[in-house]
Amino acid sequence: MEVKRRTVRSLVAKLSSVSEQTRSEALAELRLITKHDAESRPVVAEAGAIPYLAEILYSSSSTSQENSAATLLNLSISSREAIMSTRGLLDAISHALSHSSSDAATQLCAATIHSLLIADESYRPIIGSKRDIIYSLVRIVTDSNSPARSIKDALKAMFGVALYPLNRATLIDLGAIPALVSIIVRDARTGIMEDASAVLAQIAGCEESEEGLRKAGGLRVLGDLLDEGTGVSRRIKENAVAALLNLARCGGEKGREEVREVAMKVLEGIADVAENGSSKGKAKAFDLLKIVLEGFEMGDSRFDYLLNHHSK
């Protein structure tokens, strides 16, 4: 272990070299070490590498940006506190997200944000207060030229941001709802649709989502996802149910009425989730059916059974 420490200290020291080649070689080596040797990750953080990595994210070299972002992503697995306590680190990530000429660096920065958000709840309000980061994530999703991997990592980061309720209004304010609705409509790739609908379901859990979904045509799209003929994955259907349920719970009376109107057209799809979904999906579908069918006499044994069975 002592040999590793000496090696790491030597490499970190080289990050401050006046020679660009020396800095680049040391950075590439640190990327490899933090990728393949889990024991070395805390050693790299303790040796003071993170401030240098933050500075390198401002580099004009796309290769250096990529290596720095990849090293930070590797360190985020076990040295999150050291990353979050480094002054200016989030600003550096924000810069790389919005200004890097490297798609790989952009994707790696988005993945780092996701890694930090999922690991520790206390980081969610901190990262959520960085509007530039959220704006950059939304921009990645909106840009039709963004690579699929960048979009997926941006969506996962947005999901982590949305897990903190007070961040949802910020996401809406920065255009997340039309971006998500648009990508669900235009992107046929199941994985991206699943991630986008999951973020939309989280964002729907605030009162500001009602107007945003209305303007973006989101309710109609959520209904389409539950249509039996759409053929989307079970996870996408569960996300659509969750979004409609959250809107019905958090929106106003007009929003609840609009949810009822949409849901009445896709009752079979909601019932399918109630019968065949995951445990969470079933529970949310039952709750949505109760809201939608409240006061209605269906005269349909299938729905009567579902509601009565769930209430017991």
request  = Report the C-alpha separation of Lys237 and Glu228 in whole Å, then their side-chain angles, then the decisive distance to 0.1 Å, and conclude whether the side-chain contact (heavy atoms from CB on, under 4.5 Å) test is met.
outcome  = CA-CA 10 Å; Lys237 288 186 176 182; Glu228 293 284 83; 3.8 Å; yes
task = Before giving the answer on salt bridge (charged side-chain N to carboxylate O under 4.0 Å, His left out), spell out for Arg256 and Glu253 the whole-Å C-alpha distance, their side-chain angles and the decisive distance to 0.1 Å.
result = CA-CA 5 Å; Arg256 282 190 287 276; Glu253 185 53 42; 3.2 Å; yes
ask   = Under the criterion side chain to side chain contact (heavy atoms under 4.5 Å, CB included), which of Leu213, Leu247, Ile291, Asn246 is the partner of Val259?
value = Leu247
Verdict with supporting geometry, Arg214 and Glu211, salt bridge (charged side-chain N to carboxylate O under 4.0 Å, His left out) = CA-CA 5 Å; Arg214 187 179 294 123; Glu211 185 64 21; 2.8 Å; yes
Minimum heavy-atom distance Leu117-Ala157, with the two atoms named = CD1-O, 3.3 Å
key: side-chain hydrogen bond (donor to acceptor under 3.5 Å, both in side chains) pairs, two or more places apart, involving residues 157-168   = Arg168-Gln202
ask   = Do we see a donor-acceptor contact under 3.5 Å between the side chains of Gln65 and Ser100?
value = yes
ask   = For residues 138-157, which residue pairs qualify under salt bridge (Lys or Arg N to Asp or Glu O under 4.0 Å), counting only residues two or more places apart or in two chains?
value = Lys152-Asp195
inquiry  = Is there a side-chain contact between Lys130 and Tyr135 in this structure, where contact means two heavy atoms from C-beta onward sitting under 4.5 Å apart?
reply    = no
request  = Give a yes or no answer on whether the side chain of Thr230 reaches the backbone of Asp224 with a donor-acceptor pair at less than 3.5 Å.
outcome  = yes
task = Check for a donor-acceptor pair, side chain of Arg80 on one end and backbone N or O of Leu116 on the other, with a separation under 3.5 Å.
result = no
message = As an exercise, state the distance from NE2 of His95 to CD1 of Ile133, rounded to the nearest 0.5 Å.
response = 13.0 Å
